[in-house]
Amino acid sequence: MTTLANWHDVRGTVTTASNIAALAKLSKWETPWSLYQRRRGLLPPVEETEAMWFGTALEPVIMARLAVVLETNVIPWHELAPWGNRSPGAIDENHLFETGTRVVETDRGPVLINERLGTGGTPDGVAFIDGRWWLVECKTVGYQAHAQWAKSDGEATFDGLRPPSRELPDGYVTQPTVYCGLLGLAGIVVPVLVAGQRLDVYRVEFDRELFDALCVLSQEAAIAEKPPEFDPYRDGERVGQWAAAMAPTETVTMDDPEVVRLAREAAAFGVLAKRAETESKARRAELLHKLVEAGVSKATVPGVGKVSITTLKATPERTVVQKARVATSYARIALGNDAETATAIEAASEQVRMLALSDNEEET
């Protein structure tokens, strides 16, 4: 009996196409720093969520519906590879040879690998459209996430198919672009199941320049000896995972100027966050009073948008008064009156002020 290669081990030899978006800084779930640390075992593997499980489980359903909608032949990846006689004309084996792309049989199905380009992965399938073979990559998305996609011009993707009402995000394009380039296909088709109720189909011509750029990123990541720059705004949860696995140590004094600065600013911003929350609650209570006094339950305010008595909540007076009186003085007493602390406090205060003066219209 032939022992197949381990799926995780094979994929671990390259930056998979699903992680390419992270290297391009287009992923919402991974960053170049976290990807580097994860590949070296310093961060735990990504745990499969409910959304991820359903996304994988629904791929056959999405492809079956895609075949009906487009009235064409759609072949799942596990039926396509290895090639043999099951994919006549779908894959140009000369292209695979020239690019150094190969298929490795694993315990979880065939995996596409190109060690020279440093990338690979497991595509979803291919579809025959307008006399050419296209890469198919299935996606699922909820209504809330889909609503955040930028509006498109509404150009039709296929004759007779209702055009998508949104533009396909860049992070959804990188993965199938890599597969498309490795297999030498005409372009990518992305069927998106929206909230499990509607199928939007996007078609994107193969972008050779994008593919080459993504391959450069994967090649650089493969030989990188130092981690990419840490992003404190996006890597907070990941570094927390790293810290959770760290063994406890004795308390030490750290007087490194950078450590001191970060610690003091973190404390100062923490105090200001409490102050901002307190002041916001106080303003909302005052606004609620104004609306009730005027006998108005809903209103539109210039520069703010809609406000409603049902969305405004008052806070007990004693809490507001106490916090408002001590917030600023506490920050200076606890953290000192040096220039760095004062600068941090004023910077945060300015951000709060600018936010209040912004023209963003949201439901308050």
Side-chain angles (χ1 to χ4, degrees), residues 16-18 20-21 58-103 109-114 116-117 119-140 152-164 166-193 199-215 218:
T16 58
S18 57
I20 285 286
L58 288 172
E59 285 176 8
V61 176
I62 296 173
M63 283 190 281
R65 180 57 182 166
L66 179 67
V68 173
V69 170
L70 301 185
E71 298 180 348
T72 190
N73 189 22
V74 179
I75 304 177
W77 170 250
H78 66 86
E79 295 181 9
L80 180 69
W83 325 126
N85 296 321
R86 287 178 286 177
S87 58
I91 303 298
D92 182 358
E93 296 195 39
N94 289 330
H95 174 85
L96 301 181
F97 178 78
E98 292 172 359
T99 59
T101 303
R102 60 193 179 94
V103 174
V111 177
L112 197 64
I113 292 292
N114 189 309
R116 179 168 61 83
L117 298 178
T119 189
T122 311
D124 290 345
V126 298
F128 191 69
I129 304 169
D130 297 338
R132 297 187 296 173
W133 286 96
W134 293 63
L135 190 285
V136 174
E137 190 66 27
C138 303
K139 299 296 180 183
T140 58
S152 69
D153 294 331
E155 297 180 356
T157 51
F158 296 95
D159 292 338
L161 180 69
R162 179 186 54 77
R166 301 283 172 174
E167 181 181 350
L168 189 66
D170 291 340
Y172 281 49
V173 177
T174 55
Q175 179 185 11
T177 294
V178 170
Y179 294 143
C180 190
L182 293 179
L183 294 173
L185 302 177
I188 62 178
V189 175
V190 183
V192 180
L193 181 61
L199 190 70
D200 282 357
V201 182
Y202 299 79
R203 181 166 67 170
V204 182
E205 292 282 346
F206 175 62
D207 187 335
R208 180 75 197 190
E209 184 177 351
L210 174 61
F211 172 72
D212 290 341
L214 295 175
C215 287
S218 63

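Basis for what follows: all heavy atoms, side chains included, without hydrogens, waters or symmetry-related copies. Position 1 is the first residue of the sequence, and the numbers go up from there.
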(message) Is any side-chain heavy atom of T119 closer than 4.5 Å to one of F211?
(response) no
(request) Compare every heavy atom of G171 with every heavy atom of T174, then report the nearest pair and how far apart it is. (result) OG1-O, 3.4 Å
(message) Looking at W77 and V136, would you say the former's side chain and the latter's main chain have a donor-acceptor pair under 3.5 Å?
(response) no
(request) Applying side chain to side chain contact (heavy atoms under 4.5 Å, CB included), run through I75 and F128 and close with a yes or a no. (result) CA-CA 9 Å; I75 304 177; F128 191 69; over 6 Å; no
(message) Between D130 and R203, is there a side-chain heavy-atom distance shorter than 4.5 Å?
(response) yes
(message) If I compare all heavy atoms of Y179 with all of G120, which pair ends up nearest, and what's the gap?
(response) CE2-O, 3.9 Å
(request) Output all residues satisfying side chain to side chain donor-acceptor pair (under 3.5 Å) with N114, sequence neighbours left out; order by chain, then residue number. (result) T101
(request) List the atom of W134, the atom of V204, and the distance in Å for their closest heavy-atom pair. (result) CZ3-O, 3.7 Å
(request) Hey, could you give me the NZ/CG distance between K139 and L199, rounded to the nearest 0.5 Å? (result) 14.0 Å
(request) Any chance you could lay out the side chain to side chain contact (heavy atoms under 4.5 Å, CB included) test for I62 and T140, step after step, and finish with the verdict? (result) CA-CA 9 Å; I62 296 173; T140 58; 3.8 Å; yes
(message) Which heavy atom of I129 sits nearest to which heavy atom of T72, and what is that distance?
(response) N-OG1, 4.3 Å
(message) I want to check something: taking the side chain as every heavy atom from C-beta on, are L193 and C138 in contact at a cut-off of under 4.5 Å?
(response) no
(message) I need the single residue from V68, V74, L58 that forms a side chain to side chain contact (heavy atoms under 4.5 Å, CB included) with M63. Which is it?
(response) V74
(request) Report yes if the side chains of L112 and L183 come closer than 4.5 Å at any heavy-atom pair, otherwise no. (result) yes
(request) Only counting residues at least two apart or in another chain, list the ones meeting salt bridge (Lys or Arg N to Asp or Glu O under 4.0 Å) with R116. (result) none
(message) Minimum heavy-atom separation for D207 and T177, please, with both atom names.
(response) O-CG2, 4.1 Å
(request) Supply the atom-to-atom distance D124 CG to I188 CD1, rounded to the nearest 0.5 angstrom. (result) 12.0 Å
(message) Can a donor-acceptor pair be found, under 3.5 Å and without considering hydrogens, that links the side chain of H78 to the backbone of G125?
(response) no
(message) For P176 versus E137, what's the shortest heavy-atom pair and its separation?
(response) CB-CB, 3.9 Å
(message) Just verifying a value: how many Å separate L117 CG and S218 OG, rounded to the nearest 0.5 Å?
(response) 6.5 Å
(message) To the closest 0.5 Å, what do you measure between CG (L96) and CZ (R102)?
(response) 12.0 Å
